[in-house]
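Written below as structure tokens is the structure these notes are about.
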Amino acid sequence: MNTQDLINLGIPLGDALKFANVHMRRLFAGGLDRPQVETDLMNIVADPPSYFNDPDRASLARALYRPAYTPRAELAPWQQWGDDLDPEAIKQIANACALPIAFAGALMPDAHVGYGLPIGGVLATENAVIPYAVGVDIACRMKLTVYERKANVIPGQKDRLANLLEHETRFGMGCEFEVRRHHDVMDEDWSITPITKRLHEKAWKQLGTSGSGNHFVEFGAFTVTDPSLNIPPGEYLALLSHSGSRGTGAQVCDVYSKRAMSRRNELPNQLKHLAWLTLDEADGQEYWAAMNLMGRYAAANHDIIHRHITKKVGAHILLDIENHHNFAWKETHHGREVIVHRKGATPAGNGVLGIIPGSMATPGYVVRGKGNPASLNSASHGAGRIMSRTKALQSFTWSAVKKQLKNAGVDLLSSGLDEVPGVYKDIETVMAAQTDLVDILGRFDPKIVKMCPPGEKAED
DNA sequence: ATGTAC
């Protein structure tokens, strides 16, 4: 009998599993056979409270015990944008709005299923933060640099520009720089939490890296479509990057989400990723401090990438725009200070600029928020996936994708088949579904695209 | 999303 057998008996991961292992070994050592041990464990799983005073079984029973969870009868108010959203994603935002701490919600037109809160989900809470409503990649964000140089230089400088994308950042799970880069954020006090203290060195090695998944760096043509950007109309060379807080942010999410889950053990399994920490408790304050540090760290990642590339491009900068799209903020809505989680959603307060990327072969947009209160000042963070990575690998071939890329005038340096344009919704449809959330000020057409190579584990 | 997890 092993750990997997315990999981099959219904013992959840975490403390319960540790106590169950200890108890199981003790029973075997006491001479019981396997059926007897299984019966003993199943009895505790079935009715934990009756073992609270049993010295051998109390710790397991307490770890297994789950108080009743009563979702709110009346959900916190929420609205959705887009009419073709996955019913599972809609169920997820409704579940989030049924939490006792929920204040209001919104679902963006690029929404799809995620852990806890859907991607494209916005949730305002009172005095509480939900690590998985921020997401694994804390402070995943966009940054766009528009150069004072016409986009028509791209074909003639293709190899040189491609070389910059290949060498001024790193892709792959666990990727690091051999010679670490520097940014002022690394001189901050990382001992604000045990986890950021422990990961300071790792974070330093990963500074300026891009990682994997949907992260990218690309050169493209930026077209001004609205005079309010205050740059002359035209098509400019531009650099767009998408990445976040790498392994460090993922660890922060993992540590505090587990603490939240053990604290909110009334949440049923299906909702456990919505576990929250209140801002009154030490863990909540630690998460808040770590999350904000991850925000500055992710911004530094982009800053380093753009600084290094810009130096070698050798052009003046006309415009820099950036925004988080996985983060939580203290904001005032409907007269109350609340915590607004945006997980795959772009801040779109009145007049606030943001970037909504499409895919490797479709446009991304620079937008200006309209401050729509019903969306909690938010918009989509992209086009939104419409299929899993596994399904994508079965659905597409490189030969077909290459034609598509050629038609769009895109040079793809590397990517997996699970990131090709067909795995995303049509960005134009998504933009059309949120005209009451943002105005479009400019368009970015990708021309040279670098993503994580397929099957890549760690790039050298 | 991440070199994950027990």
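Predicted model, so just to flag it, every value in this text is computed and none were measured. Quick note on labels: first sequence line is chain A, next is B, and so on, each numbered from 1.
Proximity of R246(A) to the phosphate of dA1(B): no side-chain N or O atom is located under 4.0 Å from OP1 or OP2.
Looking at heavy-atom distances under 4.0 Å, D254(A) makes contact with sugar-phosphate atoms alone, never a base. If you check every strand for non-hydrogen atoms under 4.0 Å, N214(A) touches sugar and phosphate atoms only.
Every residue meeting the salt bridge (charged side-chain N to carboxylate O under 4.0 Å, His left out) condition with E38(A), not counting sequence neighbours, appears here in chain and number order: R34(A). Partners of R141(A) according to the side chain to side chain donor-acceptor pair (under 3.5 Å) rule, which considers only residues two or more places apart in sequence or in another chain, are E322(A), H324(A). The salt bridge (charged side-chain N to carboxylate O under 4.0 Å, His left out) test applied to K258(A) returns D254(A), not counting sequence neighbours. The salt bridge (charged side-chain N to carboxylate O under 4.0 Å, His left out) check on D56(A) picks up nothing, with sequence neighbours excluded. Partners of E286(A) under the salt bridge (charged side-chain N to carboxylate O under 4.0 Å, His left out) rule, at least two apart in sequence or in another chain, are R259(A).
Aromatic ring centroids of H341(A) and W329(A) lie 6.0 Å or more apart.
Using a 4.0 Å cutoff on non-hydrogen atoms, the parts of residues 194-213 of chain A near DNA chain B are K202(A), Q206(A), G211(A), S212(A), G213(A), ordered by number.
The side chain of I7(A) lies closest to dC6(B), out of dC6(B), dG3(B), dA1(B). If you check dA1(B), dT2(B), dC6(B) against the side chain of K258(A), the one that comes closest is dC6(B).
Atom C1' of nucleotide dA1(B) and atom CE of M451(A) are separated by 12 Å, given to the nearest angstrom. Residue E176(A) contributes atom CD, which lies 13 Å from atom P of dT2(B) at whole-angstrom precision. Rounded to a whole Å, the CG atom of L117(A) is 15 Å from the P atom of dA1(B). Note: CG (L60(A)) to P (dC6(B)) measures 16 Å, nearest angstrom. Rounded to an integer number of Å, the gap from E419(A) CD to dA1(B) P is 7 Å. For the pair L17(A) CG and dC6(B) P, the computed distance is 8 Å after rounding to whole Å. Nucleotide dA1(B) holds its C1' atom 12 Å from the NE2 atom of H112(A), rounded to whole Å. In this structure, CZ of R389(A) is placed 5 Å from P of dA1(B), rounded to the nearest angstrom.
Classification of the H242(A)-F216(A) ring pair by plane angle, with boundaries at 30° and 60°, yields perpendicular.
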